[in-house]
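One-based numbering, in listed order, for ligands and for the atoms of each.
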Amino acid sequence: MSIRTVGTTPFEGQKPGTSGLRKRVSVFQQPHYTENFVQAVFDTAPGLVGGTLVVGGDGRFHNLVAVQTILNMAAANGIGEVVVGRDGLLSTPAASNLIRSWKAAGGLILSASHNPGGPKGDFGIKYNTSNGGPAPESVTDAIFARTQVIDRYKLLADAAPIDLSRTGETYLGAMRVVVVDPVSAYADLMATLFDFAAIRALFAGGFTMRFDAMHAITGPYAHEILENRLGAPAGTVVNGTPLEDFGQGHPDPNLVYAHELVEAVNGDLGLQFGAASDGDGDRNMVLGPGQFVTPSDSLAILAANATGVPGYAKGLAGIARSMPTSQAADRVAEALGIDCYETPTGWKFFGTLLDAGRATLCGEESFGTGSDHVREKDGLWAVLFWLNILANQKKSVAEVVAEHWAQYGRTYYSRHDYEEVDSAAANGLMDHVRGQLGALTGGSLAGKPIRLADDFAYTDPVDGSTATSQGLRLLFEDGARVVFRLSGTGTSGATLRIYLERYEPDSAKQGIETQEALADLIAIAEEVAQIKHRTGRDAPTVIT
Ligand code: G1P
Ligand code: ZN
């Protein structure tokens, strides 16, 4: 087999965002498009030549095509060894785990997370570094810079596609290819963190739950872990076969897109627990009958109960949450006497804290929770953590939540998304709010005094790197917050996110419906940002 150098020219906009390069499938299908990006990674990321690369994706349309392209190019670029999931499949947390356990130089994860798949859906490529986490900005900037000047990529001429349907070893040119079971190493890792015996006993005692894999990657993982290893009855996992188009659904576990699960748990099936994960397996939603657990509360509750779980029995070094995530976890950290870090949106900002041993648990309001066991958020991990708590405490989800609120207070929290808004209008709205920040600091809105209004900026306490313009914050004296942010992951137009939060320590006032409890803050957001006028929308597209 010989190496063929193909001349090419740069594509515009191959800038990997917080979650890698994410575009419509048709964009990735353009001749040379995927190759340019992959070559830019191989040209810039350290340690790959002669080293190990992990490859796999969430099984969405175009996954296998991209995997074969990457394998071929990896061989032509002198990568020593590729570890790839059978059928090209790997959940994002499982890929992160393999990068770490194989001591790989990095990994290419193929996914557009919770975005719809299929020929008309989205596709994505993300590069993770040797710690298993999303590449930091210095690396993605270098990749991007390379995509701007790229003029050639390398292929292995006359190489047949690798058979990915069976585990085992083979060679592509001089490169070793190891096809691994995508599930087993991950399932083994979970068994080291959680009390599988206790969870097995919980199921044996008749506990019933439903896990909705949303036709995406976590199906095989959940079948193996929940049903095979933990003894949950067959049928516990629904929509458990990954489909290229996710059954034409939107594999995003929230109250809107996972409403079937919500209805099932609240219906008359007698289910005690419900959970779902997203396209690539890093997000989670958990709920019990009559009790949806917000991701911000979930982080706080996991932290408060962590020492009852084997993997965290020694206690937590610290907690990290993204800025828009509610402050519920801060109150637990305070009670535990540990640090709580507030980082910009995006999992990559947790990496340095996890690597330095300063944080053990991390979370984002966007249904992301995780720990230092990998360097990605991890959907099934969060579900198992909840199961471990339920098995320990023999209480319902609602009881666990109520007791948490009684002890720490309740944080009413909601996110309002305005999707596919005209980009100019969305930027205009942000500029309009930004222009008022100075005057709002120390002032008040609707009679509520404002402590600080700012544009969130972050300095990483470990490596000193900085990030600016991470969201516009109105911080009220009473701990309430309104935050405005534009999404960095959308693929058409702009998505405006408004995060609303209010703290209620008084148990007697913790039973209000969330939107009602936040009504004054919703009105303030409208007053400050002229949302209806500027977006032309009467209401958010999605409320979570
Ligand atoms: C969204 C979430 C963010 C998460 C990211 C990747 O980003 O809000 O918390 O890290 O997806 O899953 P956004 O679209 O808000 O930029
Ligand atoms: Zn995801």
Considering just N/O/S atoms, say which atom of Asp280 is closest to the Zn ion (ligand 2).
-> OD1

Do Thr92 and Asp282 get their side chains close enough for a donor-acceptor pair, meaning under 3.5 Å?
-> no

Which atom, among the N/O/S set of Asp282, is closest to the Zn ion (ligand 2)?
-> OD1

Measure up the Tyr186 and Tyr221 rings against each other and bin them: parallel (under 30°), tilted (30 to 60°), perpendicular (over 60°).
-> perpendicular

Angle class for the Trp381/Tyr312 ring planes (parallel below 30°, perpendicular above 60°, tilted otherwise)?
-> perpendicular

Measure from the Zn ion (ligand 2) to every N/O/S atom of Asp278 and report the name of the nearest one.
-> OD2

Measure the acute angle between the ring planes of Phe194 and Phe385, then classify it against the limits of 30° and 60° as parallel, tilted or perpendicular.
-> perpendicular

Could you verify whether a donor N or O on one side chain and an acceptor N or O on the other, from Arg415 and Ser366, lie under 3.5 Å apart?
-> no

Would one find an N, O or S atom of Ser113, in either backbone or side chain, under 2.8 Å from the Zn ion (ligand 2)?
-> yes

Within the heavy-atom cut-off of under 4.0 Å, ligand 1 is lined by Ser19, Arg283, Thr345, Gly346, Glu364, Glu365, Ser366, Lys377, Arg415, Arg485, Ser487, Gly488, Thr489, Arg497

Determine, step by step, whether His215 and Phe246 satisfy the ring pair (Phe, Tyr, Trp, His ring centres under 6.0 Å) criterion, reporting the C-alpha distance in whole Å, the side-chain angles of both residues, the deciding distance to 0.1 Å, and the verdict.
-> CA-CA 5 Å; His215 305 288; Phe246 306 124; 8.6 Å; no

Could you verify whether a donor N or O on one side chain and an acceptor N or O on the other, from His404 and Asp297, lie under 3.5 Å apart?
-> no

Donor on one side chain, acceptor on other, Asn97 and Glu376, under 3.5 Å | no

